[in-house]
There are 4 protein chains.
Amino acid sequence: MGKKEVPSLVKDEKLIQRRREEMVKAAVSLFKENGFHRTTTREIAKASGFSIGTLYEYIRSKEDILYLVCDSIYDGVKLRLQQDINGEDSGIQGVERAISAYFKVMDDMQDEVLVMYQEAKSLSHEALPYVLKKELEMTAIFEELLFKVVKQGELHLSEKEIQAAAHNIVIIGQMWTFRRWALQKIYTLEEYTQLQLQQLLYGIKGA
Amino acid sequence: MGKKEVPSLVKDEKLIQRRREEMVKAAVSLFKENGFHRTTTREIAKASGFSIGTLYEYIRSKEDILYLVCDSIYDGVKLRLQQDINGEDSGIQGVERAISAYFKVMDDMQDEVLVMYQEAKSLSHEALPYVLKKELEMTAIFEELLFKVVKQGELHLSEKEIQAAAHNIVIIGQMWTFRRWALQKIYTLEEYTQLQLQQLLYGIKGA
Amino acid sequence: MGKKEVPSLVKDEKLIQRRREEMVKAAVSLFKENGFHRTTTREIAKASGFSIGTLYEYIRSKEDILYLVCDSIYDGVKLRLQQDINGEDSGIQGVERAISAYFKVMDDMQDEVLVMYQEAKSLSHEALPYVLKKELEMTAIFEELLFKVVKQGELHLSEKEIQAAAHNIVIIGQMWTFRRWALQKIYTLEEYTQLQLQQLLYGIKGA
Amino acid sequence: MGKKEVPSLVKDEKLIQRRREEMVKAAVSLFKENGFHRTTTREIAKASGFSIGTLYEYIRSKEDILYLVCDSIYDGVKLRLQQDINGEDSGIQGVERAISAYFKVMDDMQDEVLVMYQEAKSLSHEALPYVLKKELEMTAIFEELLFKVVKQGELHLSEKEIQAAAHNIVIIGQMWTFRRWALQKIYTLEEYTQLQLQQLLYGIKGA
DNA sequence: CATGAATGAGAATTCATTCAT
DNA sequence: TATGAATGAATTCTCATTCAT
């Protein structure tokens, strides 16, 4: 489904998957600490528990690792989000629930979100679109949610308004991590969630 | 006022300023294209119009350049913003005006904002605080604006609500640049401004 | 035994030893010709028969090479000296024999001694003590030799006199190399040895 | 008298002399601390109290400074030594006096001696001979002294023995500085002088 | 499949020296 | 004479990637 294929010299698909998971885990931790450029492939291999030679059996280049990392994080975020939202109540209530759940995911996956946020731009022109696509899919989740509520007549928003709102939700969630140095000094996650729900729903002038 | 001093081997202060401006201009353009890490000091020197030796007469290390770039961009943004806001009408109207002006600045300085946004995190632990401080000052501008309106009784917001609103304004403005690949396909700047003003003031449930 | 460990990225200890021997050999020859500071790491790599990258798999910095060189030379000198002295006759005769052997070693290892003599001082404050310690050990060999003879009643020297004599022996031996430009024009090694034995044992006034 | 001429762009001989003295003084201090290679011309200029441009009005290259330094030190040592020895008593007594005086000069000029000792070898093939010549002149002083005493019949030494003895005196004096890390822990200058006089005159087998 | 030694292009930085003012 | 800004060749060290075992 539109994923970029990263070739491997190894045939055993199961093994590829397992090794890559180890790699990604190690890499996230290292990227978080030192950033993509300051992390060496040797360090990643070592932290992954195998040799540099083996590392290159499962990827072609250092950039592949970054791609796998971003890919994996998006999948993780999306998976958790979909689990937390699923069927449940719809209407405005459902949107609020989704936002709260999303903020919770951002909080739980802070390190990953940060890495994705800061390093994705280092991807080559070839790989970047795949990641931006994921970012849009993320936004689309909230667009759809809002769209349903509009359809039910509970909200009155144009399509462009829906899009703007969805983008806002997404980055205000991410902001919790990439502005943690400011926000997490002022608010607890619960406070932040309450305040932002208020702002998102009612605005500054809000009732 | 709390700026980090970057030492130079050259004594003539005027010259330092002039050369550094050339450097920063060249660097912004290169960083935008290839990012900080993929840009070499030689490229910066060349694009600045002087030799590598001369470059190092005005800075101590590559990181100094990044710091000067970030510093310069913040100053630029803030300067323009303050010019555009100045005395003028207060009240909610004033806030709206300020937000519009801010979005306009973001649009005009897209390249710079993008660079600052993506590369600032590469600053060392020593220099980073200076830049984060600037980011907070940016936010503080809107906090103060809102605070005045609250004082005048036109808005009813707690301090924490003011802070959240200010952060939202700032990053929704920045989002116009760092999500340009999505947003600028959907909206013109005017549309974006109108829609986001609506969202910020009245929220999803909006009037 | 109190050696400074020089870390390597390579795991195979045997290989490390072999490669470092090649490196040291090449470095001695280059240092002798141009001195430590005028010799580049690339030259050392090339003369050693491997690439610059490989060189740095076996050392951390250029200074490590100098340390390895000094270390190796001292070990070489000491080893040869101990082989030449071993059990043999004791008494004054033994001392004379040892001095002659030592002078012979100095003569055989002129290049090495010269390098060690002239470049050791370029070692960092961290590494220098290890080399000075070796120099003292060298001196201690002669101190012990003299001490035994004193104990046997054949010589009458205080401890401080023993130390002075030992230092004199050591540097008069080294002088053969570092004043070669003067001495080796006047004397053959045999002459030098005879004359200096005379001076050392009986002094200027000597019988 | 066989000195190497170092050209200058400046005409005023008095000025040249004065500036060069300042330069040499600054350089000795810096060389002692960091060695010739690790000292930059900028540092020397600064420590001398003039600009880098001015520095190069009085020398042609960095090496010229080293030559001037060595030259100046030798002249200084020789001057002091000749003052201390002059007419005075002759015979063995005179030799002893000269040695003591020489050791005292070495002690007083430790920094200079050390620099000369360790850095002279960095001189180019062109300049080195001039310095070695000075070293020989130093030795010649003691050769002459000894020669006179031999002539007077108070000592019985061949020419080669005289030369060896003179070399020994010179380097045992220098050793006081370049092995200070060992010797100056054990002896005071007076002790060292007494012990070495004893060794030099009567040898290990002593009186 | 796994290993890790070897490679060398490339990057940041330094510093002796020059020359216009 | 004095100054100090400009220069760029030279140097150390890094690190992604390969390939023989």
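All values reported here derive from a predicted model rather than from experimental measurement. Proteins come first, then strands; the chains are lettered A, B, ... in the order of their sequence lines, and each starts at number 1. Side chains are part of it too, since the values below use all heavy atoms of this structure and drop only hydrogens, waters and symmetry mates.
- One finds no side-chain N or O of C/Tyr56 lying less than 4.0 angstrom from the OP1 or OP2 phosphate oxygen of F/dT14.
- When the side-chain nitrogen and oxygen atoms of A/Ser51 are compared with OP1 and OP2 of E/dT3, one or more of them lie within a distance under 4.0 Å.
- Using a 4.0 Å cut-off between charged side-chain N and carboxylate O, B/Glu57 and D/Arg42 make a salt bridge.
- In this model, a side-chain donor or acceptor of C/Arg42 finds a partner on the base of E/dG10 within 3.5 Å.
- Side chains of B/Glu63 and B/Ser124: a donor on one and an acceptor on the other come within 3.5 Å.
- Summarising the geometry, the separation between CD on C/Glu43 and C1' on F/dT12 is reported as 13 Å, rounded to the nearest angstrom.
- Two residues, C/Val10 and B/Glu63, neighbour DNA chain E, and the one matched to the more 5' nucleotide by heavy-atom proximity is C/Val10.
- Here the P atom of nucleotide F/dT18 and the CG atom of A/Leu55 are 12 Å apart, to the nearest Å.
- Taking atom CD1 on C/Ile65 and atom C1' on F/dT11, their separation rounds to 13 Å, with Å as the unit.
- Distance, D/Leu30 CG to E/dC15 P: 13 Å, rounded to whole Å.
- If you take CG of C/Leu66 and P of F/dT12, they are 13 Å apart, rounded to a whole angstrom.
- Contacts of C/Arg19 with the nucleic acid, taken as non-hydrogen atoms under 4.0 Å apart, involve only primed sugar atoms and P, OP1 or OP2.
- In this structure, the NE2 atom of A/His37 is 16 Å from the P atom of E/dG10, given to the nearest Å.
- Test D/His37, D/Gln118, D/Arg38 against C/Ser122 for side chain to side chain contact (heavy atoms under 4.5 Å, CB included) and you get one pass: D/Arg38.
- Using Watson-Crick or G-U wobble geometry with both donor-acceptor distances under 3.5 Å, F/dC15 finds its partner in E/dG8.
- At least one donor-acceptor pair closer than 3.5 Å links the side chain of C/Glu119 to the backbone N or O of C/Phe36.
- Mapped onto DNA chain F by nearest heavy atom, C/Glu57 and B/Leu15 fall at different nucleotides, with B/Leu15 at the one closer to the 5' end.
- The aromatic rings of A/Phe50 and A/Tyr58 lie tilted to each other, with the angle between the two planes from 30° to 60°.
- Checking F/dT7, E/dA5, F/dA16 against every side-chain atom of B/Phe50, the shortest atom distance belongs to F/dT7.
- Close to E/dA5, at under 4.0 Å from its OP1 or OP2, lies no side-chain N or O of C/Tyr58.
- Among the protein residues, C/Leu9 comes within range of the sugar-phosphate backbone only, with heavy atoms under 4.0 Å from sugar or phosphate atoms but none that close to a base.
- For the pair B/Asp12 and A/Arg60, both in contact range of DNA chain F, the more 5′-proximal nearest nucleotide belongs to B/Asp12.
- One can place CD1 of B/Ile44 at 10 Å from P of E/dT13, the figure rounded to the nearest angstrom.
- Ring orientation note: the planes of A/Tyr117 and B/Tyr117 are nearly perpendicular, at an angle over 60° on the 30°/60° scale.
- The side chain of B/Ile52 approaches F/dG8 more closely than any other nucleotide in the set E/dA5, F/dG8, E/dT7.
- Residue-level contact check: D/Thr40 touches the backbone only, with heavy atoms under 4.0 Å from sugar-phosphate atoms and none from bases.
- Pair assignment for E/dT21 gives F/dA2, based on Watson-Crick or G-U wobble hydrogen-bonding distances that are each under 3.5 Å.
- Summary of the strand contacts: C/Gly49 and D/Gly53 both lie near DNA chain E, and taking for each the nucleotide with the nearest heavy atom, the more 5' one is attributed to C/Gly49.
- Taking only side-chain nitrogens and oxygens, A/Thr41 comes nearer than 4.0 Å to OP1 or OP2 of F/dA16.
- Atom CZ of C/Arg20 and atom P of E/dA5 are 12 Å apart (whole Å).
- Residue contacts for D/Thr39: at a heavy-atom cut-off of 4.0 Å it reaches the sugar-phosphate backbone alone, with no base atom in range.
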